[in-house]
S.K.: 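After the structure tokens below, expect a handful of questions from me.
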Amino acid sequence: MPQSATPFRIPANRWSAEEAASLTPEGLLLYRSNLLGSDLTVTNFGGGNTSAKLDAKDPLTGETVTALWVKGSGGDIGSMKLDGFSTLYLDKLLGLEKLYRGVAFEDEMVAYLPHCTFGLNPRAASIDTPLHAYLPFAHVDHVHPDAIIALAASTGGEAATREIFGGSVGWLPWKRPGFDLGLTLRDYVAANPGLRGVMLAGHGVICWGDDARACYDNTIDLIAKAAAHLNARLVKGPAFGGEAVPALAPESRAKIAARLAPRLRGLMVGERSKVGHFSDTPETLEFVGSKAFARLAAVGTSCPDHFLRTKIAPLALDPARIDDDAYLAAALVEYRNGYLAYYGRNAGPNDPKVRDPNPVVVLLPGVGQLTFAADKTTARLAGEFYANAINVMRGAEAVGDYVGLPESEAFAIEYWALEEAKLQRMPRPKPLVGKIALVTGGAGGIGAATAARLLSEGACVMLADIDAASLEAKRAELAKVFGGDVTRAVPCDVTDEASVQAAFDLTAREFGGLDILVANAGIASSAPVEETSVALWRKNYDVLAEGYFLASRSAFPLMKLQKTGSIVFIGSKNALAATPNASAYASAKAASLHLARCLALEGAPHGIRVNVVNPDAVIRGSKIWDGDWRKERADAYGVDPGDELEAFYRDRSMLKRNVLPEDIAEAVYFLASDASAKSTGNVVNVDAGNAQAFTR
Ligand code: NAD
């Protein structure tokens, strides 16, 4: 058994002759690509590219020509479809060599690629296209699995490659991807006949085959052999020089992450807030708790695929000092200054402007890693890429010393004009991207509609509700539309102090903090005052007054850390307008309305806004209206509890319109977003007009 917590996984050969039998040549390329990309031991998310040189009929001349099918820019080979490949005339691509003016002019070569397009294919060709074009093999794979990069980023990597593959896999020193690398690779392979692949130092491997199957087999076998070799080394001793700091118990790790994430998030500078992601996998804990941790973390990530997501270096924190705010603030300032200095050392006059200097990866011995990015998926992926980097370091150290890229090379990739162009092409983020919301009563009609509205504008949402079964159903429903990364749920009773605090702690740990609280969980009851039991009275006050207080009290410290926040109470028309036979409900709603005003006063110095949305008669979708409330209200107004009731409320409204959960959600969105940045202590009635409830 290897002593390391996580040996390299050996990829399985999953080729199915049966499935492949009926496929066209381009179908086989897609099949091979999907097989490779869907196995994370073969290539990490979005990494790697595959190609085939296939006969095609030229639409202009009718002659048979060779088209290079190669994975285009962006996308992921695991999930791509045929339209993810760019197609280019091979002879035109090869002809570009005549135009190549040297490494200083790499970028102009990329501009020539669209001129080689075959078949009006709109998919942009990637910068790795020359690597595939100039190799004289029909099928080529280029992947970056951890076990391979481990060799490619080790002082012992070249010797190990020779030992593992008996000289059948070549080795090229680091060179930035592009035209120059394509030509160098071609010449190297021509000078070393009989190779089955070439290791690209600091980068990955490129290998080939005469047909799709042979190419796939070759790739899988190369990775399997590299992984087995590393595992055989890893059993010889503990990874990373052994343990220096033991991992804390899982509950302690979770607690520390919940406390630390919002404080770090609050200390990050920039126009938009970030979302956090916490991970404490065995390989992360092994690394951050190891003797070699500080030394290796300082070297930074080595593979471009990794550091474009993680930044070159993580921020390593001292677990003994994380409760000290001054320490945390200083650590972030130091990190940012270090990043700005790195930019200053390397940037030329024509380079893009400096980007966000905050750390992406924050590491804590005994606890794990936190990653921060503009949105949840990017933060999660950054965490996964750092986990890849940890694997790489573990393997690299098992056969030599782990080596990073020269700083100037890393900078050149990070600030490459083509990378910048990609960033510039990205659409403007939606208004709530980077924002984190908690919605109490999130499994109910108004709560779920509100969650959907906030999610649709890019927010991350934690649904909190006492009804665990409906909660999970709603979470799954929303996750289907908006994705699992941004949709979470926590069972929570808003009348229970500990349960409320736990929901906020979970939100801080899952997303990194809190920007928006929608206090919405509610019940309704109806009874004349003499029939209102103390239990009924208290229940209304517990849920509708104390429940709103408890949620706000837990939200305040998180929002204060970020110096901004928006709390929206779902009140009721009944908070402003007295109603017959519902004194407990209506007066509890009035209590929470006044609570909102008090909190608006207390919150303002900290940038926390508190506003109220007052619905009335939201019958469709609301569970309140499924129960006794419906009959009681119908009785109170002397109408039939069936369809008549909705008509009664509609006709009672000034605008004669039904009020729907989505109407309430729209008002909440307005008050939660910066569109209302200058409003606090306000009430918005969404009741189709009710003169009794006019604010005055
Ligand atoms: P709903 O019953 O569909 O949703 C309320 C949710 O709150 C439910 O999912 C319920 O499980 C949850 N909840 C109840 N007690 C809880 C507790 N102790 N802890 C956590 N969750 C709890 O009703 P809705 O119409 O969506 O109501 C949402 C809010 O809107 C309530 O505050 C309600 O008073 C208010 N409101 C509704 C109307 C209307 O006509 N529907 C009118 C005015 C005000």
Side-chain angles (χ1 to χ4, degrees), residues 438-453 462-475 489-500 502-503 517-526 538-551 554 568-577 579 582 584-593 595-596 612-630 632-634 645-646 648-650 652-653 658-665 667-668 683-688 690 693:
L438 185 148
V439 182
T440 70
I446 292 174
T450 298
R453 186 70 186 93
M462 178 68 77
L463 306 167
D465 204 292
I466 199 168
D467 177 350
S470 305
L471 182 67
E472 177 42 31
K474 271 294 163 213
R475 189 209 57 77
V490 58
C492 166
D493 178 355
V494 296
T495 68
D496 179 307
E497 210 175 340
S499 167
V500 171
L517 162 65
V518 184
N520 160 79
I523 51 163
S525 74
S526 180
R538 286 194 181 144
K539 185 152 195 226
N540 277 279
Y541 273 74
D542 282 352
V543 178
L544 301 172
E546 192 171 313
Y548 281 41
F549 149 71
L550 287 176
S554 290
V568 184
F569 279 13
I570 305 301
S572 168
K573 173 218 79 178
N574 293 333
L576 291 166
T579 190
Y585 174 76
S587 62
K589 281 290 187 189
S592 62
L593 174 69
L595 172 65
V612 177
V613 176
N614 280 339
D616 186 34
V618 183
I619 295 170
R620 260 180 261 169
S622 165
K623 287 188 283 173
I624 284 179
W625 289 93
D626 289 345
D628 293 344
W629 176 256
R630 187 178 192 103
E632 288 156 0
R633 289 291 84 196
L645 193 71
E646 195 173 23
F648 167 79
Y649 278 108
R650 186 175 57 236
R652 191 181 76 171
S653 73
N658 292 327
V659 185
L660 305 175
E662 291 71 25
D663 300 321
I664 313 303
V668 177
V683 176
V684 178
N685 287 338
V686 185
D687 54 8
N690 186 315

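Counting from 1, the numbers follow the sequence of the chain as shown. One-based numbering, in listed order, for ligands and for the atoms of each.
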S.K.: Does Gly571 reach ligand 1, in the sense of a heavy atom lying below 4.0 Å from it?
M.R.: yes
S.K.: Any ion pair linking Lys474 and Asp465 (charged N to carboxylate O, less than 4.0 Å)?
M.R.: no
S.K.: Does one side chain, of Asp467 or Ser470, offer a donor that lies under 3.5 Å from an acceptor on the other?
M.R.: yes
S.K.: Regarding atom 29 (C) of ligand 1: of the candidates Asp465, Thr495, Asn520, which has the closest heavy atom?
M.R.: Asn520
S.K.: In terms of atom number and element, which parts of ligand 1 are under 4.0 angstrom from non-hydrogen atoms of Ile570?
M.R.: 29 (C), 30 (O), 35 (C)
S.K.: Give the atoms of ligand 1, by number and element, whose distance to some non-hydrogen atom of Asp467 is under 4.0 Å.
M.R.: 11 (O)
S.K.: Can you tell me which residue and heavy atom of the protein come closest to atom 5 (C) of ligand 1, and the distance to 0.1 Å?
M.R.: Gly522 O, 3.7 Å
S.K.: Tell me: protein heavy atom nearest atom 25 (O) of ligand 1, and distance?
M.R.: Ser622 OG, 2.6 Å
S.K.: Nearest to atom 3 (O) of ligand 1, what protein heavy atom do you find, and at what distance?
M.R.: Lys623 N, 2.6 Å
S.K.: How far apart are the C-alpha atoms of Asn690 and Ser653, what are their side-chain angles, what is the distance that settles it, and do they pass the side chain to side chain contact (heavy atoms under 4.5 Å, CB included) test?
M.R.: CA-CA 6 Å; Asn690 186 315; Ser653 73; over 6 Å; no
S.K.: List ligand 1 atoms under 4.0 Å from Gly441, heavy atoms only on the residue side.
M.R.: 6 (C), 7 (O), 12 (C)
S.K.: Do other residues, nucleotides or ligands put more than 12 heavy atoms under 6.0 Å from the NZ atom of Lys623?
M.R.: yes
S.K.: Decide whether the shortest distance between a heavy atom of Cys492 and an atom of ligand 1 is less than 4.0 Å.
M.R.: yes
S.K.: Quick check: does Val543 get an N/O under 3.5 Å from an N/O on ligand 1?
M.R.: no
S.K.: For atom 33 (C) of ligand 1, which protein heavy atom lies nearest, and how many Å away is it?
M.R.: Ile624 CD1, 3.6 Å
S.K.: Do the non-hydrogen side-chain atoms of Arg633 and Phe648 ever get within less than 4.5 Å of each other?
M.R.: no
S.K.: Is any side-chain heavy atom of Phe569 less than 4.5 Å from a side-chain heavy atom of Lys589?
M.R.: no
S.K.: Would you check if Leu550 and Val494 make a side-chain contact, meaning some heavy-atom pair closer than 4.5 Å?
M.R.: no
S.K.: Using the side chain to side chain contact (heavy atoms under 4.5 Å, CB included) definition, which of the options Val439, Asn614, Val613, Val618 pairs with Ile570?
M.R.: Val613
S.K.: Give the atoms of ligand 1, by number and element, whose distance to some non-hydrogen atom of Ala443 is under 4.0 Å.
M.R.: 9 (O)
S.K.: Could a heavy atom of Asp493 be found less than 4.0 Å from some atom of ligand 1?
M.R.: yes
S.K.: With a 4.0 Å cut-off on heavy atoms, is Tyr649 in contact with ligand 1?
M.R.: no
S.K.: Identify the closest protein heavy atom to atom 37 (C) of ligand 1: which residue and atom is it, and at what distance?
M.R.: Ile446 CD1, 3.8 Å
S.K.: With under 30° as parallel and over 60° as perpendicular, where do the rings of Trp629 and Tyr585 fit, or are they tilted in between?
M.R.: tilted
S.K.: Contact between ligand 1 and Lys573 is defined here as a heavy atom of the residue under 4.0 Å from a ligand atom; is it met?
M.R.: no
S.K.: At under 4.0 Å between heavy atoms, is it the side chain or the backbone of Ala617 that contacts ligand 1, or both, or neither?
M.R.: backbone
S.K.: For atom 19 (N) of ligand 1, which protein heavy atom lies nearest, and how many Å away is it?
M.R.: Val494 N, 2.9 Å
S.K.: For ligand 1, which part of Trp629 has a heavy atom less than 4.0 Å away: the side chain, the backbone, both, or neither?
M.R.: neither
S.K.: Gly445 to ligand 1: N or O pair under 3.5 Å?
M.R.: yes
S.K.: Between Ile619 and ligand 1, is there a nitrogen or oxygen pair with a distance under 3.5 Å?
M.R.: no
S.K.: Does at least one non-hydrogen atom of Gly547 fall below 4.0 angstrom from an atom of ligand 1?
M.R.: no
S.K.: When you measure from atom 41 (N) of ligand 1 to every protein heavy atom, which one gives the shortest distance, and what is it?
M.R.: Val618 O, 3.0 Å
S.K.: Could you tell me if the side chain of Pro491 sits less than 4.5 Å from the side chain of Leu471, heavy atoms only?
M.R.: yes
S.K.: Below 4.0 Å from any atom of ligand 1, is there a heavy atom belonging to Ala524?
M.R.: no
S.K.: Quick one: pull up CG in Leu544 and CZ in Phe549 and give me the separation to the nearest 0.5 Å.
M.R.: 15.0 Å
S.K.: Strictly by modelled atom types, are Tyr541 and Ser587 linked by a side-chain donor-acceptor pair under 3.5 Å?
M.R.: yes
S.K.: Between Asn540 and Ser525, do the side chains contain a donor N or O and an acceptor N or O under 3.5 Å apart?
M.R.: yes
S.K.: Among all protein heavy atoms, pick out the one at the shortest distance from atom 39 (C) of ligand 1; state its residue, atom name and that distance to 0.1 Å.
M.R.: Trp625 NE1, 3.2 Å
S.K.: Using a 4.0 Å cutoff against the non-hydrogen atoms of Tyr548, which atoms of ligand 1 qualify?
M.R.: 32 (O)
S.K.: Output, in order, the C-alpha distance, side-chain angles, deciding distance and verdict of side chain to side chain contact (heavy atoms under 4.5 Å, CB included) for Thr450 and Asn520.
M.R.: CA-CA 10 Å; Thr450 298; Asn520 160 79; 5.9 Å; no
S.K.: Got a second to check how far Ile619's CD1 is from Leu645's CG, nearest 0.5 Å?
M.R.: 4.5 Å
